[in-house]
Amino acid sequence: MSAGPDLTPVLQHAQSADADLRKQAELQLQAYQQQDYAGYLVALVSELANDNKPPETRQIAGLLLKNLMDATDAVLKEGMLTRWANVDGAVKAKVKHLLLPVLGAQAAPARHTAAIVVAKIAAIELPLRNWPEVVSALLTNMGQPNNSLKQATLQALGYICEEMGKLEEDILDQQQINNVLTAVAQGMRPDEADSSVRLAATVALYNALEFAHSNFDNADERNYIMQCICEGAISPETRLQEAAFECLVKVAGSYYEKLPMYIQDIFKLSHRAITQGDEEDVAKQAIEFWCTVAEEEIEAQEAVEDGEEAVNHSFIRQALQPLVSMLLDQLTKQEPGQDRDEGIWNLSMAAGTCLGLVAQCVKDEIVSLVMPYVQPNIEKKDNPENWRNREAATFAFSSILEGPSYASLAGVVNAGLGFLLNATKDPDPMVRQTTAWTIGRIFQFVHGEEDVGMPPLINPQNLPGVVKTLLESTRDEPHIAEQICFALSQLAAGFKDSDTPLFSPYFADIVQALLQQGERALQMDVQEGARLQLQAFEAINEVVRSASPDTLPLVGQLIQALLDKLASTLRMQVTSSEAKEHQKDLQGLLCGVLQVVIQKLSESDSAKTGLLEKADSIMQALLGVFQCDTTSVHEEAMLAVGALTYVCGQSFTKYMQSFYPVLELGLKNHREVDVCIATVGVLGDICRAMDTQVAEFSDNIMQVLLQTLSDPTVDRSIKPQILSSFGDIALAVGDKFETYLAHVLPMLQGAQHLSVEQQRSGNETLYDYNTQLRLGILEAYAGIVHALSNEKIAQYMTGETPVRLLWPHHVLSSYAECML
């Protein structure tokens, strides 16, 4: 067995400030890995395990070892698993033998890294029923006097539970779970003198809770676990408190039905953490607990409304008044500048989010509890710090707009809309941003509804002032203009199904203002500009969707403007990966608007005729977008092509020679799942448009689709879409599809058997996928049966051919059951 090279000098160079040394070291490490993978594994673990090596090289060796075991890319990860599986058993044993003692090393980074690597290897081995002794070996460490060893062991156990939680199959048996929970609970005890051990145990419990269903069914075991968590929540150690509340959040989400006997104590703990503690991270987790409870109860209400049984203890309603009061008190704890930084998550934002969930949960009851806070605070201007009160009051008002009925909100919204429009001129930018967001939410949840005989919020009298104010505010600071764009999109959405052209006079001005925001974004910081640009174009989409028939000529005028902007993206100087990404994002937004415009104009025969005249220019622009990247396919451009096929019909054939290479590239692009699925959908559009003329390309298309279905590395969500596309192709090419049946029918029958197996397994995680799979099977059969002549069908049903067309009765019946 190769001992592998001495990696210390190379690892030191890999961290060098000298770029040349760093690059050379990286190349050496890659060479070691490629030339002698087993020896490289041993060399890395030997470096990590050697107490005489520098701490930094030990840590990087562990991280490199970890990166050989896991990857976010599914294909890359599959290759890693295969490579590990092919390693000689003696080498694997040596790696494990050297690795486990590192959990007791003096150097903390080495211990922590070793814990991660142990879990990554266990994640590969345990599902294969290899290394079954790892859990018992780790549990043995808990009886040792070495607290550092205990801490790292608990970390490893927690990481293993985290890895096992990602798998669909239950790998750990109940005895192993019991033993892990026992070790964790032992480490969490208040009499554990080493706080790092208590923290590691609490974090490990968080990851192990997913497997504790049997333990939570046992009252004594559940009580002990909950006692350990609650004791951690009052620890003087801040990080331990936070970890304990994270466990309570997990319990609320996984074991909501078991909470009644603990809820009063948890309320006291959370109230203490939120109102009396001075650690914001702990308080945010305490609020997150009530967010999770509210989400569980909202979900239960929805289930009951759908005629299903669900447990709802109504904890939110029972604690409503003190809970709302506690949340409102946190709203003035903003951070200056939080309106500009999307990464900030503070106590004020957490409380407002929770308040919104509470409103969805208790509905009308929330209004009378929140409005007495809103009314005196929203106008406060006694001193410069009163911006906090105004912003908090506006945030509170916005948070209760989703949930309560229109009847309960109509009065306060009608009274407050004028005030909010004026508040878009508030001297404080954070108040202006929250105000713009609130106006958008008013239009989203309250605008235009007529309920219990009450008039809609937006009417001919106030609409001019609303539009005028919003258009003026688009010139505000970019992060505020972003929210104004959102408000305009929601204002437009309220007129989508309107019978009157009330919104029509403002169409041109609003679209022009939104296009200007898109142009403005190009001159700004990339990140801030991207957010504004996205919101501006999404608002244009909503305005176009809501356009009434009298504005369709104006919608049609957008096409040339969009084509001009697409042409300008083709001239962009792309000198870096960031610039390339920026170009692709902008093209995506423009293609998205173009798709919406095409779909809108397609609703009218007269507008559709005018659109057809521009089809050549549109297709030329889209082909230009595709040519910007010959290694991938632009998803939004592909969807725009799909919209255009409906307009063109059989005349789309003239574009097919130029477009086919793009179509094939998209169908083969398995690594970008959304792109591949979008392309399969567009293939169906093309078949419906071109009809029999698609036969010229069907051989190549079918070859690509069949290869994709046969590839085990392809994401499974793509395959039902491909099965469905067989039906589209069959309907287009008719009896020619017979030439593909020898390959297609076995594929369909294999999919049928898979569907039945998944149904019998009772695995709920496969339910949605199985439904899609059945739908794909049925749509394929339906297309084939309708496409083939009666004579051909008879031959394939009676077995006069090498393969039989077996109508999937069992899939049909199972699918029918799912639809009931």
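All values below come from the heavy atoms of this structure, side chains included, with hydrogens, waters and symmetry mates left out.
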Closest non-hydrogen atoms of A273 and V282, given as atom of the first, atom of the second and distance, are CB-CG1, 3.9 Å
**OP:** Could you walk me through whether T275 and D329 pass the side-chain contact (heavy atoms from CB on, under 4.5 Å) test, one step at a time?
**Re:** CA-CA 9 Å; T275 63; D329 286 343; 5.8 Å; no
Between V370 and I400, the two heavy atoms sitting closest are CG2-CG2, 3.8 Å
Worksheet entry | Criterion side-chain contact (heavy atoms from CB on, under 4.5 Å) on L586 and L522, from CA distance to verdict | CA-CA 9 Å; L586 180 55; L522 294 174; 3.9 Å; yes
- Item | Side-chain touch R390/K381, heavy atoms, less than 4.5 angstrom | yes
Listed pairs under 3.5 Å, donor-acceptor, residues 359-366 side chains, sequence neighbours left out:
residue : atom : partner : partner atom : Å
K363    : NZ   : Q360    : O            : 3.3
D364    : OD1  : S405    : N            : 2.7
D364    : OD1  : S405    : OG           : 3.2
D364    : OD1  : S408    : OG           : 3.1
D364    : OD2  : S405    : OG           : 3.1
E365    : OE2  : R317    : NE           : 2.6
E365    : OE2  : R317    : NH2          : 3.0

Is there a donor in the side chain of Q444 and an acceptor in the side chain of R441, or the other way round, less than 3.5 Å apart?
no
Under a 4.5 Å cut-off applied to non-hydrogen side-chain atoms, are P236 and Q241 in contact? no
The side-chain hydrogen bond (donor to acceptor under 3.5 Å, both in side chains) partners of E246 (sequence neighbours excluded) come to none
CD (E636) and CG (D585) are apart, to the nearest 0.5 Å, by 8.5 Å
Side chains of L514 and F537, heavy atoms from C-beta outward: is any pair under 4.5 Å? no
For A640 and Q595 the tightest heavy-atom approach is CA-CB, 4.0 Å
When you check the gap from the basic side-chain N to the acidic O, do D217 and K258 get nearer than 4.0 Å? yes
message = Tell me if the CD atom of Q321 is crowded by more than 12 foreign heavy atoms within 6.0 Å.
response = no
Decide yes or no for N462 and N459: does some side-chain heavy atom of the first lie under 4.5 Å from some side-chain heavy atom of the second?
yes
Tightest non-hydrogen contact, residues I484 and L470, listed as CG2-O, 3.2 Å
Test side-chain hydrogen bond (donor to acceptor under 3.5 Å, both in side chains), reference N389, set N377, D382, N383, output is N377
Q.
Side chains of L401 and V413, heavy atoms from C-beta outward: is any pair under 4.5 Å?
A. yes
* Asked: Is L331 close to R388 at the side-chain level, that is, under 4.5 Å between some pair of heavy atoms?
  -> no
Modelled atom types, side-chain donor and acceptor of Q227 and E231, under 3.5 Å
yes
Item to check | F315 ring center near W290 ring center (under 6.0 Å) | outcome: no
Of all heavy-atom pairs linking A310 and A303, the shortest is CB-CB, 3.9 Å
Quick check: are there more than 12 heavy atoms from other residues, nucleotides or ligands sitting under 6.0 Å from NZ of K468? no
Taking every heavy atom of V374 against every heavy atom of A396, the minimum-distance pair comes out as CG2-CB, 4.1 Å
Under a 4.5 Å cut-off applied to non-hydrogen side-chain atoms, are L491 and V467 in contact? yes
Quiz item: Between K600 and E603, is the closest basic N to carboxylate O distance under 4.0 Å?
Solution: yes
Decide, yes or no, whether a salt bridge links D476 with R432 under the criterion of side-chain N to carboxylate O below 4.0 Å.
-> yes
Result for ring-ring contact (aromatic ring centres under 6.0 Å, His included) between W437 and one of F397, F395, F443 points to F395
Quiz item: Considering only heavy atoms from C-beta outward, does the side chain of Q772 approach that of S717 to under 4.5 Å?
Solution: no
Any donor-acceptor pair under 3.5 Å linking the side chain of T292 with the backbone of E288? yes
*How are the rings of Y255 and F216 set relative to one another: parallel (under 30°), tilted (30 to 60°) or perpendicular (over 60°)?*
parallel
* Asked: Is the closest basic N to carboxylate O distance between K584 and E581 below 4.0 Å?
  -> no
Are E391 and T434 close enough that a side-chain donor and a side-chain acceptor fall under 3.5 Å? yes
Q.
Working note: T238 + D281, criterion side-chain contact (heavy atoms from CB on, under 4.5 Å); need CA distance, chi angles, decisive distance, verdict.
A. CA-CA 8 Å; T238 299; D281 288 340; 5.7 Å; no
